[in-house]
Number of protein chains: 2
Amino acid sequence: MHRCLVCEIRDQSVCRAIDDEDLVVLAKSSKQLSLPPNTTLIEEGSAATAFFNVTAGTVKLFKSLPDGRRQITGFADVGHFLGLTNAGTYSFGAETVDTVQVCRFMRPQLETLLADYPQFERRLLAEVTDELAEAQEQMLLLGRKTARERVASFLLARMIHRPCQTTGEENRVSLPMTRVDIADYLGLTIETVSRTISALRRDHIITGTDHHGIRVLSPSRLQGLASGQENA
Amino acid sequence: MHRCLVCEIRDQSVCRAIDDEDLVVLAKSSKQLSLPPNTTLIEEGSAATAFFNVTAGTVKLFKSLPDGRRQITGFADVGHFLGLTNAGTYSFGAETVDTVQVCRFMRPQLETLLADYPQFERRLLAEVTDELAEAQEQMLLLGRKTARERVASFLLARMIHRPCQTTGEENRVSLPMTRVDIADYLGLTIETVSRTISALRRDHIITGTDHHGIRVLSPSRLQGLASGQENA
DNA sequence: CGTTGGGTTGACGATTTTCAATTCGCGTGG
DNA sequence: CCACGCGAATTGAAAATCGTCAACCCAACG
């Protein structure tokens, strides 16, 4: 049995554009990797030779300034495709947040796939278009929202995008990344993120003391905050 | 002679993916529009029925919060393609900055083009990939740069991206948009933008009193500022 | 010649950052 | 089993950058 044929996330990824019969080709042109937390997948500015499809875990994408300031531009989880660029080099870096599994494609193989499967290209266009819409939403957050609104938006987005019903708890939000990562994603400092989360707890909008998971008590108030209504 | 065949910006736009013989089809499926400043091209959240290719002038793209706060996510000038979305509605708004000319495509015609011309889709993927890279750069600016660094980055980007050698002046940067637009693009207030530009003038990094055009005296110092080196 | 819209400048205030101290969580080893 | 140590997170006080409010300037235009 060929690996890609039994891939459990195939229908969530770009790979669903490939026919069953041709998955053999796909399996040959890709390689499955399992990576520990905080592994560098992509080095900012290095030659763009490989592309990745995340099959488990979460990857952080970021850009940095010479003095070390960093902005995380997104978190890529199951199904996401990484590494596209027009220049010959990556314009961003990528590191694993937790333990991550990826399928790695090398450039020549990817170009063959693109040439042979119009559907594959169609899927990529859709994915990149989606990422662009998310990026625009994030620009609104970074440019115009207060700290409280940013944290509320972040928690809400994770609640909606990630059902996370593994535990019995209602409205549980998992936060696999550290406070540093959250801060670098929201354009804040870790202190401000920490203080803001504490404030939301004080206001009974969220609850739970676990650093990597909280529970939302009032999704509607969180939603109100995220879209800028004072209080809620 | 068919309109698209003589389009002077054809080779700068997605339309270059279409053969000469087939441009007749393209001309039929698109309509040329000339629009005065501050015309709404796309209403945020409305049904996505039309797509635009800018052939002259500058368009601003933005997202807003319910209370009116606005973030301009980018300026689209000659050659840029607007309106792609995966949802049925636009996730952003678009307005003309100055007098703008666009080719408008309606959705059914665009889908026909996409189906018939793989090259067209390839070009779109490249353009969206480019826009995503720009968006990531802008997220770094919005999340991590100071006011001075933001303004420096903005001026530098416009200097590099827009040669603007129409006038004899060296390193002239044209700023067709208002201070409000610049502020909403950089995640600042108009007062901070104004003060920062004045400060750059005081420091002899730029010169010129015209509100819609300045001259860069020291591109290298501007470059240094934009990438975060204190002074330069 | 007054009005209007856009831009600049100043004084003050507030949100967020910075700096610093403490606590928490968790794996390691005595 | 518990003490230790280290990184991560929290909390507090002080500082700074940027925003708010307000006055003023300037050019275009009817």
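Proteins get letters first, then strands, A, B, ... in listed order; numbering begins at 1 in each. Since this is a predicted model, take the numbers as computed values, not measurements.
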Does some side-chain heavy atom of B:Arg70 sit less than 4.5 Å from a side-chain heavy atom of B:Lys63? no
What's the shortest heavy-atom distance between B:Ala147 and B:Thr192, and which atoms? CB-CG2, 3.7 Å
Among A:Asn38, A:Leu35, A:Thr58, find the residue that satisfies the side-chain contact (heavy atoms from CB on, under 4.5 Å) test when tested with A:Asp98. A:Thr58
If you assign A:Arg150 and B:His212 each to the DNA chain C nucleotide with the nearest heavy atom, which residue ends up on the more 5' nucleotide? B:His212
What is the distance from CG of A:Leu186 to P of C:dT15, rounded to the nearest Å? 19 Å
From CA spacing to verdict: side chain to side chain contact (heavy atoms under 4.5 Å, CB included), B:Gln223, B:Met159: CA-CA 11 Å; B:Gln223 165 72 62; B:Met159 189 182 93; over 6 Å; no
At a cut-off of 3.5 Å, list every protein nitrogen or oxygen paired with a nitrogen or oxygen from nucleotides 10-14 of chain C, distance to 0.1 Å.
| unit_1 | atom_1 | unit_2 | atom_2 | d |
| --- | --- | --- | --- | --- |
| C:dG10 | N7 | B:Arg195 | NH1 | 2.7 |
| C:dG10 | O6 | B:Arg195 | NH2 | 3.4 |

The residue, B:Thr192 or A:Asp210, whose nearest nucleotide of DNA chain C is more 5′ is B:Thr192
Restricting to non-hydrogen atoms, name the atom on A:Pro66 and the atom on B:Ser227 that form the minimum distance, rounded to 0.1 Å. CD-O, 3.2 Å
Pairs touching residues 209-228 of chain B that satisfy ring-ring contact (aromatic ring centres under 6.0 Å, His included), sequence neighbours left out: none
Flag side-chain contact, heavy atom, 4.5 Å: B:Thr89 against B:Ser46: no
Mind checking A:Ile197 for me? I need base, sugar-phosphate or nothing, with any heavy atom below 4.0 Å counting as a touch. nothing
Name the pairs: protein N/O against N/O of nucleotides 23-25 of chain C, kept only if under 3.5 Å.
none

Counting the atoms with a prime plus P, OP1 and OP2 as sugar-phosphate, which does B:Thr178 contact under 4.0 Å by heavy atoms, base, sugar-phosphate, or nothing? sugar-phosphate
Could you tell me the boundaries of the chain A footprint on DNA chain D, defined by atoms under 4.0 Å from its heavy atoms? D:dA9 to D:dA13
Which residue is it: B:Asp184, B:Asp181, B:Asp77? I am looking for the one with a salt bridge (charged side-chain N to carboxylate O under 4.0 Å, His left out) to B:Lys60. B:Asp181
Rounding to an integer number of Å, can you tell me how far B:Arg201 CZ sits from C:dT8 P? 6 Å
Identify whether the distance between the nearest side-chain nitrogen and carboxylate oxygen of B:Arg215 and B:Glu170 falls below 4.0 Å. no
Residues that B:Phe154 engages under ring-ring contact (aromatic ring centres under 6.0 Å, His included), provided they are two or more places apart: B:Tyr185
Could you note down all residue pairs passing ring-ring contact (aromatic ring centres under 6.0 Å, His included) where residues 45-70 of chain B supplies at least one of them, sequence neighbours left out? none
